[in-house]
Amino acid sequence: MNQEEIFQQKVDTEVRIEPKDWMPDKYRQTLIRQISQHAHSEIVGMLPEGNWISRAPTLQRKAILIAKVQDEAGHGLYLYSAAETLGISRDEMIAQLHSGKAKYSSIFNYPTTTWADMGAIGWLVDGAAIMNQVPLCRTSYGPYARGMVRICKEESFHQRQGFEILLVLSKGTDEQKAMCQDAINRWWWPSMMMFGPKDDESPNTQQSMKWKVKRFTNDELRQRFVDICAEQIKILGMNIPDSDLKWNAEKKHYDFGQINWEEFWNVVSGNGPCNKERLDARVKAHEEGAWVREAANAFAEKQKQRAHKNSVAA
Ligand code: FAQ
């Protein structure tokens, strides 16, 4: 067997691929692309919710929201570390994000205009993220799979806190109920787009499934998401903004309406409502953090010199 066949046999028999193992260059590149895009999504994803930290309605809500946004930062850091094991540096990944070369999830290019958006993001955006990411705990690349275990635990808490925000609003005044429905209306379709293009228009799915980087296709995960949300919305007493949403007894799944793919590709290619604002915010934060990186590097250098001195003295 050649190296490629040995590699595929490991994948087929569920043996994890680890950083020092031989792997096809395309597998490495696919993982760098997916993991770094995932990391960027977590970091850029802090911005829409960060927008409401100073305006959360109660101290408790504020503490929860701060914790959630910090969790997303942590997820970004685990994921950048996982990608680094494949031979790309964090600086390179950040440069790719800032230059617009690397993608991040389309969902974070939409504005958060009311407090109910914090609920809708938790319920729908984290909900879609979990649907996509739980199978990634079994992805074939070891460091990515292990990182995803902790990330998924935290995302479950995020999803519940979002649903609870909406539940409270759904039982509130007429104005609060309207705010709740409006947020669901605005976040539903962009959340459906998070799963990526339809299977027959997804250039990466087939190969990623063969390598077990992806365990399910974009459409399979999107369908599961619809099936779950269509039931959960009943508890909220709200509506999903899709007149075609209907239980199909034969398929044992919900049918749903057309996704606006033109909008999706428009957002992915940089022309969504907040693309520019999000990238500008990231670049500004990076520039303003230059002194922290400098100080941390100087401290690390000093520690190294001290350790060297001690080892010479011993
Ligand atoms: N947005 O052939 P496919 C979160 C791109 S984290 C932008 O199907 P693939 C946590 C795709 O990259 C959310 N671009 O690609 C949170 C590819 O372009 P490329 C992020 C998208 O990789 C919650 C092209 O389209 N999650 O939410 C999108 O097989 C709340 C063709 O697509 C992950 O990254 C999109 N929605 O499947 C944080 C999970 N969809 O690279 C804060 C890991 C597709 O060839 C607050 N990633 N594209 O130029 C994945 O599972 C996969 O990468 C997919 C795409 C499913 C996203």
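Fair warning: this is a prediction, and the values are worked out from it, not measured in the lab.
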Evaluation steps, side-chain contact (heavy atoms from CB on, under 4.5 Å), between H253 and N248: CA-CA 5 Å; H253 287 294; N248 183 327; 5.6 Å; no
Chi angles and distances behind the side-chain contact (heavy atoms from CB on, under 4.5 Å) call for I94, R282: CA-CA 10 Å; I94 302 285; R282 283 312 317 153; over 6 Å; no
Criterion side-chain contact (heavy atoms from CB on, under 4.5 Å) on L79 and M148, from CA distance to verdict: CA-CA 8 Å; L79 290 163; M148 288 316 300; 4.1 Å; yes
L136/Q34 under side-chain contact (heavy atoms from CB on, under 4.5 Å): CA gap, chis, key distance, verdict: CA-CA 11 Å; L136 291 175; Q34 179 167 326; 3.7 Å; yes
Working for side-chain hydrogen bond (donor to acceptor under 3.5 Å, both in side chains), residues E201 and W261: CA-CA 11 Å; E201 285 167 20; W261 292 112; 5.6 Å; no
Verdict with reasoning, W189 to F256, per ring pair (Phe, Tyr, Trp, His ring centres under 6.0 Å): CA-CA 11 Å; W189 290 106; F256 55 91; 7.5 Å; no
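Residue V283 is not grouped with residue L97 when hydrophobic side chains (ILVMFWY) are merged at heavy-atom distances under 4.5 angstrom, including chains of intermediate members. By the criterion of side-chain heavy atoms lying less than 4.5 angstrom apart, applied directly or through intervening Ile, Leu, Val, Met, Phe, Trp or Tyr residues, I228 is grouped together with M193 in one hydrophobic cluster. Cluster annotation: I235 and W247 are assigned to the same hydrophobic cluster (Ile/Leu/Val/Met/Phe/Trp/Tyr, side-chain heavy-atom contacts under 4.5 Å, transitive). Put simply, M131 and M209 are part of two different groups of oily side chains (I, L, V, M, F, W, Y) that touch within less than 4.5 Å, one to the next. Residues W123 and I130 do not share a hydrophobic cluster, defined by chaining ILVMFWY side chains whose heavy atoms lie under 4.5 Å apart.
A side-chain donor-acceptor contact under 3.5 Å links N185 and Q181. A side-chain donor from one of E42 and H38 sits under 3.5 Å from a side-chain acceptor of the other. With no hydrogens or angles considered, no side-chain donor-acceptor pair links N297 and E301 at under 3.5 Å. Side-chain atoms of H40 and Q37 form no donor-acceptor pair, as typed in the model, at a separation below 3.5 Å.
The neighbour count for R150 CZ, taken as heavy atoms of other residues, nucleotides or ligands under 6.0 Å away, does not exceed 12. For Q258, the CD atom counts as loosely surrounded, since its 6.0 Å shell holds 12 or fewer non-hydrogen atoms of other residues, nucleotides or ligands. Enclosure of atom CD in E262 is not indicated, since only 12 or fewer non-hydrogen atoms of other residues, nucleotides or ligands lie within 6.0 angstrom. Counting non-hydrogen atoms of other residues, nucleotides and ligands closer than 6.0 Å to CD of E231 gives a total above 12. Surrounding CD of E175 are at most 12 heavy atoms belonging to other residues, nucleotides or ligands under 6.0 Å away.
The main-chain N or O of F195 is found under 3.5 Å from a side-chain atom of N218 such that the two form a donor-acceptor pair. Judged purely by atom type and a 3.5 angstrom limit, E5 uses its side chain to pair as donor or acceptor with the backbone of N2. Between the R215 side chain and the C137 main chain, no donor and acceptor come within less than 3.5 Å of each other. At distances below 3.5 Å, not a single donor-acceptor pair connects side-chain atoms of E155 with backbone N or O atoms of V134. Panel note: side chain Q161, backbone H158; a donor-acceptor pair is recorded below 3.5 Å. With hydrogens and angles ignored, the 3.5 Å screen pairs no side-chain donor or acceptor of R90 with any backbone N or O of E84. Between the T139 side chain and the P135 main chain, no donor and acceptor come within less than 3.5 Å of each other. Q223 places a side-chain N or O within 3.5 Å of a backbone atom of Y254 that can act as its donor or acceptor partner. Looking at W52, its side chain never comes within 3.5 Å of a backbone N or O of M118 through a donor-acceptor pair. Checking side-chain atoms of E92 against main-chain N and O of S89 turns up a donor-acceptor pair under 3.5 Å.
The residues K284 and D280 are annotated as not salt-bridged, no charged nitrogen and carboxylate oxygen being separated by less than 4.0 angstrom. The existence of a salt bridge linking R16 and D21 is excluded, since no basic side-chain nitrogen approaches an acidic carboxylate oxygen closer than 4.0 Å. The pair E18-R146 meets the salt-bridge criterion, since a charged nitrogen lies less than 4.0 angstrom from a carboxylate oxygen. Contact check on E164 versus R61 returns a salt bridge, with a Lys/Arg side-chain nitrogen under 4.0 Å from an Asp/Glu carboxylate oxygen. Ion pair E14/K212 flagged as a salt bridge, since at least one NZ, NE, NH1 or NH2 atom sits closer than 4.0 Å to an Asp/Glu carboxylate oxygen. Between K68 and D71 there is no salt bridge, since none of the side-chain N atoms of the basic residue sits less than 4.0 Å from a carboxylate O of the acidic one.
R278 is listed as a side-chain neighbour of P48, based on a closest heavy-atom distance under 4.5 Å. Using a 4.5 Å heavy-atom threshold, the side chains of I151 and Q133 count as touching. Contact of the T205 side chain with the K198 side chain is not registered, since no non-hydrogen atoms from C-beta on lie closer than 4.5 Å. Counting heavy atoms from C-beta on, the side chains of I121 and D126 come closer than 4.5 Å. Between L167 and L236 the shortest side-chain heavy-atom distance falls below 4.5 Å. Residues L166 and F163 have side chains not in contact (no heavy-atom distance under 4.5 Å, counting atoms from C-beta outward). Residues K177 and M238 are in side-chain contact: their nearest non-hydrogen atoms beyond the backbone lie under 4.5 Å apart. In this structure, the side chains of K214 and Q207 stay at 4.5 Å or more apart for every pair of heavy atoms.
Minimum interatomic distance between S105 and N109 (heavy atoms only, all atoms of both residues): O-ND2, 4.1 Å. Considering every non-hydrogen atom in both A128 and F225, the closest pair reads N-CE1, 3.5 Å. The minimum heavy-atom distance linking N239 with I184 is given by the pair O-CG2, 3.7 Å. The minimum heavy-atom distance linking D117 with P111 is given by the pair OD2-O, 3.7 Å. Closest approach of G50 and V69 over heavy atoms only: N-CG2, 4.2 Å.
The CD1 atom of I32 lies 8.0 Å from the CE atom of M93; values are rounded to the nearest 0.5 Å. Here the straight-line distance linking atom CH2 of W188 with atom CG of D242 works out to 7.5 Å at 0.5 Å rounding. Taken to the nearest 0.5 Å, the CZ atom of R306 stands 14.0 Å off from the NZ atom of K304. To the nearest 0.5 Å, atom CD of residue Q3 and atom CE of residue M23 are 11.5 Å apart. Separation of atoms CD (E49) and CG (L65) is listed at 6.0 Å; rounding is to 0.5 Å. Interatomic distance, CG of D200 versus CG of D219, reported as 7.0 Å (0.5 Å rounding).
In this structure, W211 and F7 have perpendicular ring planes: the angle between them is above 60°, well past the 30° mark. Note: Y78 and H75 have tilted aromatic rings, judged against thresholds of 30 and 60 degrees for the angle between ring planes.
Aromatic ring centres of W22 and Y27 lie farther apart than the 6.0 Å criterion allows.
Contacts classified as ring-ring contact (aromatic ring centres under 6.0 Å, His included) and involving residues 89-120 (residues at least two apart or in different chains) are given here: H98-H286.
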